[in-house]
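Below: the structure, in structure tokens.
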Amino acid sequence: MGMEGIGARVERKEDKRFITGKGRYTDDMVVPGMKHAHFVRSPHAHASIRNIDTSTAMKMPGVIGVLAGDELASDGIGSLICGWMIHSKDGSPMNMGDWRPLAQTKVRYVGDAVAVVVADTKAQARDAAEAVIVDYDVLPAVTEAVDALKDGAPLIHDNAPGNLIYDWEIGDSAAVDAAIAGAAHVTRLDLVNNRLVPNAMEPRAALGHYDEGEDHYTCWTTSQNPHVARLVMSAFYNVAPENKLRVIAPDVGGGFGSKIYIYPEEIVCLWASKKTGVPVKWVADRTESFLTDAHGRDHVTTIQMAFDADNKMLAVKADTIANLGAYMSLFSSVVPTFLHAILYSGQYVIPAIHCNMRTVYTNTAPVDAYRGAGRPETTFALERVVETAARELGISPAELRRKNYIREFPYQTPVILCYDSGNYEASLDAAMTAADYNGFPGRKAEAEARGMKRGIGMSSYIEACGIAPSAAVGSLGAGVGLWESAEVRVNAVGTIEVLTGSHSHGQGHETTFAQLVAQRFGVGIDSVSIVHGDTDKVQMGMGTYGSRSGAVGMSAVVKALDKVEAKAKKIAAHLMEADEADIVIEGGQVKVAGTDKALGWHEVSLNAYTAHNLPDGMEPGLKEGAFFDPTNFSFPAGCHICEVEVDPETGKTEIVQFVAADDFGNIINPMVVEGQVHGGVAQGIGQALLEGTHYDPETGQLLTASYMDYTMPRADDLPGYTVSNTVTPATTNPLGIKGCGEAGAIGAPPAVINAITDAIGNNDLAMPATPQRVWAALRSAQ
Amino acid sequence: MYATNYHRASSVEDAVNLVSTSDEARFLSGGQTLLPTMKQRLAAPSDLVDLRHVAAMKGISVSDGSIRIGAATTHAEVAGSSEIAKACPGLAHLAAHIGDPHVRHMGTIGGSIANNDPAADYPAGLMALNATIVTNTRSISADDFFTGMFETALDDGELVVAVEITAPAKCGYAKFPNPASRYAMTGVFVAKHGDGSVRVAVTGAGSDGVFRHQAMEQALAQNFSAEALSGVAVDDSDLMADIHASSAYRANLVKVMAKRAVTAAG
Ligand SMILES: Cc1cc2nc3c(=O)[nH]c(=O)nc-3n(C[C@H](O)[C@H](O)[C@H](O)COP(=O)(O)OP(=O)(O)OC[C@H]3O[C@@H](n4cnc5c(N)ncnc54)[C@H](O)[C@@H]3O)c2cc1C
């Protein structure tokens with residue numbers, strides 16, 4: 001490892017700009033003549049639209065246009081789509097209800113967009129939006145998935161009878177039932193995985209600019225995957241053909257999944273720009289973010305785990321209902337299925353697995369992938385049931401896990417996934433040592449003496465990252481391929497640009513991707529620029545989510561670097577009259593091994609471009625592209641241990657220690673990886689202790705639509721973390737990377753709840769484990 | 001936010017006159033409640049009369065056990081005052097636990113009590129301390145001032161100028177914050193006065209705002225100790241219930257916080 005190469009704790013290049021307020025976000029973009037949009041949104045959770053009267057609004061000061069859904073439809077703008085087809089177990093395709101960018105006949109959740117006002121100023125647009133008169137016929141609403149399935153529940157989409165989207169299964173149901181019937185012990189839990197609001201620091205925003213002279217559109221937007229946005233907006237929403245649509249995602253202030261999807265607002269801003277003849281900008285306020293960003297989780301699950309007399313796992317059976325909200329968001333269908341159900345083997349040898357999944361419509365914000373996406377839901381169910389089983393069986397939770405770990409790789413689970421590598425016991429041991437697990441009884445006694453209840457809990461999580469390969473996901477219903485692309489451009493002076501289809505919205509790609517180049521050519525990361533987030537600059541890309549930028553995105557860079565290296569060596573060998581096989585590149589020098597012959601890296605690149613003396617037949621230039629499509633997912637795994645103290649008088653939980661021992665395969669920048677773990681664990685603790693999303697069950701109003709009622713984790717809610725890594729490299733990508741972006745959010749919640757339930761002696765505790773809930777659980781245990 | 005006219009008052013009279021010029025004019029103190037409400041377009045005053053530059057409404061004075069706090073004094077000033085820390089430590093502690101540093105450096109005692117949020121901290125303090133609220137026209141006892149949720153005895157256009165308190169023998173405040181807003185989910189202020197009487201005021205829990213708990217006051221007048229409260233029952237029928245806490249849980253918190261406030265009072 002060089003000073004800035006793979007494995008170095010290089011400080012993030014981008015942070016100077018971010019922490020000095022010099023970042024450039026969508027809202028910082030200004031185009032001459034730009035005007036402002038404000039959306040008219042439904043105040044009702046469920047209502048028919050009788051009439052929309054825009055006449056008063058049109059006459060208000062500064063108003064340029066007031067546009068509604070009928071006009072959008074007559075201009076041929078398409079409905080929003082879900083990009084992954086799932087079939088029910090009876091073979092029928094999922095019931096995808098119509099999602100118009102601007103509702104025409106019916107609104108289905110509070111916040112549903114109905115019309116848009118474009119005006120000279122934001123305030124004028126908002127004033128006029130208040131003057132748009134929408135005549136609603138209010139209908140009964142339903143907010144909970146379980147209620148939406150009941151007879152007589154309000155019907156949200158006509159083509160989804162009973163509000164059912166699909167009823168899907170995976171695994172061998174008969175084998176599982178037989179194993180449960182014959183088991184020595186069965187543990188059963190009913191669990192809720194609470195709905196979360198993503199709360200990226202930067203709210204969503206879009207600036208649409210139609211250039212009449214060029215007949216060309218530009219969209220600046222808060223996107224994790226600008227190329228996918230362009231593809232979908234051109235192929236499905238008929239905004240413009242791809243060659244006439246440029247999508248730019250500049251600095252983006254956090255996404256956590258919520259900025260993967262293409263929402264009505266960016267479509268409407270582009271269309272409205274053409275309609276009104278002015279560039280149109282929209283920036284969500286925090287209330288709009290709460291109401292309309294795609295939410296996460298919201299599962300209701302019954303899980304059973306069966307054991308033989310020797311405490312070996314025999315079977316897992318999960319029956320889950322997932323709330324997808326009022327409409328199917330872009331990847332909403334795949335999160336409960338292929339990102340959730342196929343993880344039920346966890347880290348264990350479990351011969352029989354079955355998961356049934358019903359997804360339903362409700363009158364709530366759409367639900368889609370949120371940091372972890374499906375895997376936190378699986379891990380919570382699995383790791384809660386394992387810990388509970390250990391208590392019921394009277395053996396240590398660590399030993400029960402140890403007894404059932406997978407130890408031989410590759411390991412084919414009964415539910416599609418084949419794990420390539422791992423060492424789960426190593427993570428468990430590392431976590432137990434770091435947490436001084438064996439010293440816990442002493443600490444508990446000491447706490448008891450102070451009147452506090454102390455508990456410890458663990459979770460052994462696994463996740464599937466770097467979602468791929470394209471052919472496999474295609475066969476499972478994906479509408480896209482899941483490769484990544486890269487281009488490495490060496491300039492004549494030797495500086496390097498790396499163009500990547502991955503997108504950084506907080507992950508630190510400008511630093512970590514540059515470290516790959518520093519490692520390869522021995523050049524400083526300052527001479528390497530990472531270019532991303534612009535469809536006119538980067539040829540194509542699938543974007544960043546599912547911890548895929550390292551495993552897939554960096555691998556594409558590696559492939560392009562291989563090609564550049566090969567060509568540079570050919571040029572150098574030719575110039576120094578040496579054998580290509582003897583050329584080595586290190587420390588910014590291109591050398592002939594075993595001699596003192598050397599050229600500077602910049603001399604080789606300059607020769608590539610002067611082309612005065614190149615090998616016969618070689619094209620000038622030093623620039624190569626590559627696509628990487630992995631052969632499998634990667635499988636980060638680890639063990640988290642949480643220790644808590646509960647104040648029995650108030651039910652308040654304090655996390656006194658949190659240990660994460662993770663296996664992310666090889667690591668490019670340990671500091672960046674630690675940052676990802678800290679952030680992920682914070683969100684996991686947020687889910688476990690703090691974040692509850694409440695809709696009024698009668699009216700469908702979001703009751704937690706601001707930080708006055710929605711508990712975002714704050715610094716003083718969170719402990720210091722003890723993080724460490726064990727390494728088993730991934731075998732399915734050239735860097736051996738597994739991915740680290742979501743692990744914290746996946747592993748933490750069950751560890752926290754296992755710890756609290758241990759402390760209070762009552763296993764019946766819902767997330768978020770607020771002081772009131774913990775207090776009530778303590779009382780009912782007494 | 002809708003457009004509004006800003007005025008900077010130079011004196012108490014000036015402030016009262018400026019506000020009387022329009023039905024829709026409002027006093028602006030720290031703006032920590034009023035401005036967010038305006039940004040959400042839930043309030044639309046035509047005129048704002050800024051109180052923070054009126055000298056007579058600013059600052060803290062303590063002499064011979066008489067405390068006077070100008071209405072435009074910030075929470076941070078109260079929290080940081082060595083005189084308050086000595087004469088009335090429970091009040092300094094209370095002010096130090098309102099909101100976050102930004103809020104404490106802007107929000108004021110006058111704004112807080114005029115607003116009388118059922119989860120605000122000061123109402124409990126002032127009621128337990130038997131404070132007098134001095135306005136431009138009269139003096140009102142805390143018992144009479146806080147009349148219900150977001151309701152006070154103030155007339156239209158009446159201005160809180162200062163708060164006056166006689167230093168108690170002992171006092172303490174214990175707050176259990178709402179995990180989201182960090183306002184009081186339940187806060188209890190306990191004060192033992194020079195004449196031996198005890199006042200216990202509860203905020204955050206009552207369904208009609210701040211209230212005194214008579215049974216606790218009697219128990220503590222007999223025996224000023226946390227144990228004295230063990231036998232006192234807290235009736236939950238008049239307590240608030242919302243998505244954050246049931247009335248039964250709040251009743252528990254009233255008792256637990258009262259005990260902790262007594263312990264803090266020493
Ligand atoms: C994020 C946040 C957290 C908070 N946390 C807490 C908390 O934990 N505990 C707590 O108690 N409070 C909390 N607050 C409230 C804050 O402490 C202020 O005290 C409160 O907002 C009102 O004071 P102000 O000076 O800002 O008044 P303003 O917002 O300026 O005014 C409030 C109202 O009082 C009127 N008014 C103001 N001054 C006078 C006067 N002298 N005479 C008559 N009427 C007047 C105004 O016209 C207005 O109607 C929080 C606020 C925020 C924004």
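When reading the values below, keep in mind they use all heavy atoms of this one structure, side chains included, and skip hydrogens, waters and symmetry mates. Convention: sequence-line order gives letters A, B, ...; per-chain numbering from 1.
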Hey, is CZ on A:Arg714 packed in by over 12 heavy atoms from elsewhere, all under 6.0 Å?
yes
Quick check: does any side chain N or O of A:Gln772 sit under 3.5 Å from a backbone N or O of B:Tyr249, one acting as donor and the other as acceptor?
no
Does A:Asp285, at its CG atom, have more than 12 non-hydrogen atoms belonging to other residues, nucleotides or ligands within less than 6.0 Å?
yes
Tell me whether the count of non-hydrogen atoms from other residues, nucleotides or ligands lying under 6.0 Å of CG in B:Asp23 goes above 12.
no
Looking only at B:Arg41, B:Lys259, B:Met185, B:His244, most heavy-atom pairs under 4.5 Å shared with chain A are made by B:Arg41
Looking at A:Thr770, A:Leu690, A:Leu703, A:Asp127, which one has more heavy-atom pairs under 4.5 Å with chain B than the rest?
A:Asp127
From OG1 (A:Thr650) to CE (B:Met257), nearest 0.5 Å:
6.0 Å
Side chain from CB out, backbone as N, CA, C, O: work out which of these in A:Asp647 comes under 4.5 Å of a heavy atom of chain B, or both, or neither.
side chain
Once rounded to the nearest 0.5 Å, what's the spacing between atom CZ of A:Arg126 and atom CE of B:Met1?
10.0 Å
Using heavy-atom distances under 4.5 Å, tell me whether A:Thr287 contacts chain B through its side chain, its backbone, both, or neither.
side chain
Chain A contact via B:Ser246 - which portion, at a heavy-atom distance below 4.5 Å
both
Tell me whether B:Arg182 contacts the main-chain N or O of A:Met708 through its side chain, where contact means a donor paired with an acceptor under 3.5 Å.
no
Within a reach of under 6.0 Å around CD of A:Glu144, are more than 12 heavy atoms found that belong to other residues, nucleotides or ligands?
no
Proximal component of A:Glu130, with respect to chain B [non-hydrogen, under 4.5 Å]:
side chain
Look at B:Ala3, B:Ala180, B:Ala248 and state which one has the largest set of heavy-atom pairs under 4.5 Å with chain A.
B:Ala180
Measure from the side-chain N and O atoms of A:Asp709 to the backbone N and O of B:Ser181, and report whether any donor-acceptor pair falls under 3.5 Å.
no
Does A:Glu649 pair with B:Lys255 as a salt bridge, N-O distance under 4.0 Å?
no
